[in-house]
Amino acid sequence: MKLGEFADILPLEGTAGQDLRIAGLSSDSRRVAAGDVFFALAGSRADGAAFAADAVRRGAVAVVAAPRAVADDLGVPVIEVADPRRALALAAARLHAGQPATMVAVTGTSGKTSVAAFTRQIWARTGLAAASIGTTGVVAPGREEYGELTTPDPVSLHRLLKELAESGVTHAAMEASSHGLDQRRLDGVRLSAGGFTNLGRDHMDYHPTVEHYHRTKMRLFDTLLPRGAPAVVFADDAWSDATAKAVRAAGLELLTVGRKGTFLALKRVEHERHRQRAEIAHGGTIHEIVLPLAGDFQVANALVAAGLAIASGIAPQAALSALEHLQGASGRLELVGVAGNGAQCYVDYAHKPEALENVLQAVRPFTTGRVIVVFGCGGDRDRLKRPIMGEIAGRLADVVIVTDDNPRSEDPAAIRAAIMEAVPSATEIGDRRAAIRAAVAMLETGDTLVVAGKGHEIGQEIAGRKHHFSDHEEVRQALGEKGA
Ligand SMILES: CC(=O)N[C@H]1[C@@H](OP(=O)(O)OP(=O)(O)OC[C@H]2O[C@@H](n3ccc(=O)[nH]c3=O)[C@H](O)[C@@H]2O)O[C@H](CO)[C@@H](O)[C@@H]1O[C@H](C)C(=O)N[C@@H](C)C(=O)N[C@H](CCC(=O)O)C(=O)O
Ligand SMILES: Nc1ncnc2c1ncn2[C@@H]1O[C@H](COP(=O)(O)OP(=O)(O)OP(=O)(O)O)[C@@H](O)[C@H]1O
Ligand SMILES: N[C@H](CCC[C@H](N)C(=O)O)C(=O)O
Ligand SMILES: [Mg+2]
């Protein structure tokens, strides 16, 4: 494509540069290829403007930057735009044009991955070629890839959406992380519905206040969705009302789900060990379904997913009965093994306070013995959540083993100490493998083990280096050693 074809997004002064052929778009000077347009983005660690000259040396044919951010003597057209990140997303959508015809996005502190996976499964169950994109990667017919980010950067995202559309995928559900929304990663995606699960404490290293965090999430509704589009909002969260208000103010169609919901109203839930029976009212009819998943929070996630599926055109009866076949996303309160004495071992991705609280509460009703939890906190992330999670573990579990998550560049002992401060009675075992072994070894009949924090992850980052590590594998191995 020619630069002139992006004129509404990248306005050129005069006509010079209109005919320049564009090979690609890049926001990383280290990865610029000849013929690319370089977008100079102000980031959390660096300012892309400092690398504009380097990008030109590597073959960039034009530079897009905030007003006066880069010098205008680079030898290539410099295009100034108020919001370079948004310009990048819109340009990526045009260069890699094509996306599944129906796309929905879900935001919230917890439950996004589960809702995206459930929505895909409901669509697939009704015979549609469906995909999900999020923390656990991309899943589509014939395709399953591990991903690095919850919401991919716009260039990879639009390349992916184009591939999915070309392979026949018509429906896709994606996660909208607050980083992704804030950094405009989804601004070029044509969405037809949005979902909200809940808001809790997360990413307080990135957002100055929880209100800012909520406002960032509301971009999905007030900026990305077209007026009149449906927004499915979980109604039983502390932030549901504020979200409903934002949805109405944006002129969207508000569809609430949950106990206080009116679109899908949860009338009754009976918990069993690995499944729950729920009565859901929709438009005057009560549907009784058996959800084959443990945990109250999965009912919430299933309702948001069913809401999104119905909002995208699936018949309510079909969407609700598809819930009976849902499979949990990998590492979301996933039963990975049972000890010879019957004690259950779960792997869960709770790495923030409310998630840990929910998961420990979820296993209590079917635990006749002790709830044992093994967890840690990630380095280079919100530090204040560490003692909060320690307190929750101390309050809701009978045995707490504090271990390492992904320490990244931080001192692992210091992270553990910050957690232990709030739960001094906990056992500290830094080596995650040893911690899991110790927990499995102590399991007695009636006990439940929750290994929390890493879920589907298959690596552990220590001192900036990633090693292969899987909670699933470690739990199974430890169970094997314990003997059946
Ligand atoms: C904090 C954060 O979100 N960072 C993301 C952001 O990077 P940044 O803009 O802050 O990067 P920076 O290092 O400050 O550099 C600024 C600019 O200079 C450029 N640069 C830098 C150096 C150089 O030599 N040349 C050059 O051009 C960089 O490419 C960048 O464009 O934009 C990049 C491109 O989109 C992302 O890859 C990067 O994600 C990093 C890897 C990351 O770890 N992000 C996590 C925190 C994240 O986004 N998580 C969310 C939420 C997870 C959840 O659900 O809990 C997710 O969606 O995954
Ligand atoms: N609706 C919910 N309410 C509270 N906690 C939940 C909910 N859904 C999931 N959780 C908890 O959060 C963990 C992560 O769930 P999930 O991956 O679906 O959420 P997410 O929003 O995608 O998280 P992340 O931002 O970390 O990718 C689960 O393992 C569980 O502990
Ligand atoms: N998307 C989240 C994942 C955190 C997973 C947890 N295991 C940790 O390392 O803190 C983040 O990058 O903050
Ligand atoms: Mg996720």
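Read the numbers this way: they start at 1 and go in the same order the structure lists the ligands and their atoms.
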Interfacing atoms of ligand 2 (cut-off 4.0 Å, heavy-atom, [X]):
X	answer
Ser114	16 (P), 18 (O)
Asn358	3 (N), 4 (C), 5 (N)
Asn301	1 (N), 2 (C), 7 (C), 8 (N), 9 (C)
Glu175	22 (O), 27 (O)
Ala350	29 (O), 31 (O)

Any carboxylate oxygen within less than 4.0 angstrom of a Lys/Arg side-chain nitrogen, looking at [X] and [Y]?
X	Y	answer
Glu457	Arg432	no
Glu270	Arg268	yes
Arg364	Asp398	yes

Report, in ascending order of atom number, the atoms of ligand 1 lying under 4.0 Å from any heavy atom of [X].
X	answer
Gly43	8 (P), 9 (O), 10 (O), 14 (O), 16 (C)
Ser29	23 (C), 24 (O), 25 (N), 26 (C), 27 (O)
Arg185	3 (O), 5 (C), 48 (O), 56 (C), 57 (O)
Gly48	17 (C), 18 (O)

Report task. Return a yes/no value for Gly453: is any of its N or O atoms, backbone included, closer than 3.5 angstrom to an N or O of ligand 3? Result ->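 Yes - when backbone and side-chain N and O of Gly453 are compared with those of ligand 3, one distance drops under 3.5 Å.
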Proximity winner for [atom], if only heavy atoms of [options] are counted:
atom	options	answer
atom 39 (O) of ligand 1	Leu149, Val32, Val155	Leu149
atom 6 (C) of ligand 2	Gly108, Ser110, Ser178	Ser110
atom 28 (C) of ligand 2	Asp348, Val299, Thr150	Asp348
atom 12 (O) of ligand 2	Ala355, Pro353, Gly331	Ala355
atom 8 (C) of ligand 3	Thr135, Asp471, Asp405	Asp405
atom 22 (O) of ligand 2	Thr107, Thr113, Val304	Thr113

Requested in this report: Using distance alone, decide if ligand 2 has a nitrogen or oxygen within less than 3.5 Å of any nitrogen or oxygen in Val359.
Outcome: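 No.
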Say whether [X], considering both its backbone and side-chain N or O atoms, lies within less than 3.5 Å of an N or O atom on ligand 1.
X	value
Thr150	yes
Thr135	no
Ser27	yes
Ala42	no
Arg45	yes
Asp153	no

Close-contact set for ligand 3 against [X] heavy atoms, below 4.0 Å:
X	answer
Asn406	7 (N), 8 (C), 9 (O)
Arg408	8 (C), 9 (O), 10 (O)
Glu457	5 (C), 6 (C), 7 (N)

Can a side-chain donor-acceptor contact be found between [Y] and [X] if the only test is distance below 3.5 angstrom?
X	Y	answer
Asn406	Lys454	yes
His171	Arg120	no
Thr113	Thr135	yes

Report task. Go through Thr448 and Thr367 one step at a time and tell me if the side-chain hydrogen bond (donor to acceptor under 3.5 Å, both in side chains) criterion holds. Result -> CA-CA 6 Å; Thr448 301; Thr367 304; 2.7 Å; yes
Query raised in the report: Can Arg85 be said to touch ligand 1, with heavy atoms closer than 4.0 Å?
Result: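 In this structure, Arg85 qualifies as a contact of ligand 1 - some heavy atom is under 4.0 Å.
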Query raised in the report: Does Arg31 come within less than 4.0 angstrom of ligand 1, counting non-hydrogen atoms of the residue?
Result: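 Not so, Arg31 does not reach ligand 1.
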Query - NE2 on His214 to OG on Ser178, rounded to 0.5 Å - result: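 Interatomic distance, Ser178 OG to His214 NE2, rounded to 0.5 Å: 12.0 Å.
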Query raised in the report: Distance from Leu356 atom CG to Cys377 atom SG, nearest 0.5 Å?
Result: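 Answer rounded to 0.5 Å: 8.5 Å.
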Report task. Kindly assign one of parallel, tilted or perpendicular to the pair Tyr346 and Phe366, based on the angle between their ring planes and the thresholds 30° and 60°. Result ->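 Aromatic pair Tyr346/Phe366 classed tilted.
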For the residue pair [X] and [Y], establish whether any side-chain heavy-atom pair is separated by less than 4.5 Å.
X	Y	value
Asp187	Arg85	no
Arg184	Leu88	no
Leu186	Met174	yes
Lys162	His158	no
Phe38	Asp54	no
Leu181	Leu224	yes
Tyr213	Thr109	yes
Lys260	Ser240	no

Query - Location of contacts on Lys352 toward ligand 2, heavy atoms closer than 4.0 Å - result: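 It is the side chain that gets close, since no backbone atom is under 4.0 Å.
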**Report entry** Mode of Asn198 contact toward ligand 2 - side chain, backbone, both, neither (heavy atoms, under 4.0 Å)
**Finding:**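 The part of Asn198 near ligand 2 is the side chain, not the backbone.
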Report task. Quick one: look at Glu461 and ligand 3, take heavy-atom pairs under 4.0 Å, and tell me if it's side chain, backbone, both or neither. Result ->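 Under 4.0 Å from ligand 3, Glu461 contributes no heavy atoms.
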Taking the non-hydrogen atoms of [X], is any one of them nearer than 4.0 angstrom to ligand 2?
X	result
Glu354	no
Thr109	yes
His351	yes
Thr197	no

Query raised in the report: Out of Val76, Leu95, Ile22, which one pairs with Val37 under the side chain to side chain contact (heavy atoms under 4.5 Å, CB included) rule?
Result: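 Looking at Val76, Leu95, Ile22, the match for Val37 under the side chain to side chain contact (heavy atoms under 4.5 Å, CB included) is Ile22.
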Query - Neighbour count above 12 (heavy atom, 6.0 Å) for Glu211 CD - result: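 Yes - once you tally the heavy atoms of other residues, nucleotides and ligands closer than 6.0 Å, there are more than 12.
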Requested in this report: Record the part of Glu175 in heavy-atom contact with ligand 1 below 4.0 Å; permitted values are side chain, backbone, both and neither.
Outcome: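 Near ligand 1, Glu175 shows nothing, with every heavy atom at 4.0 Å or more.
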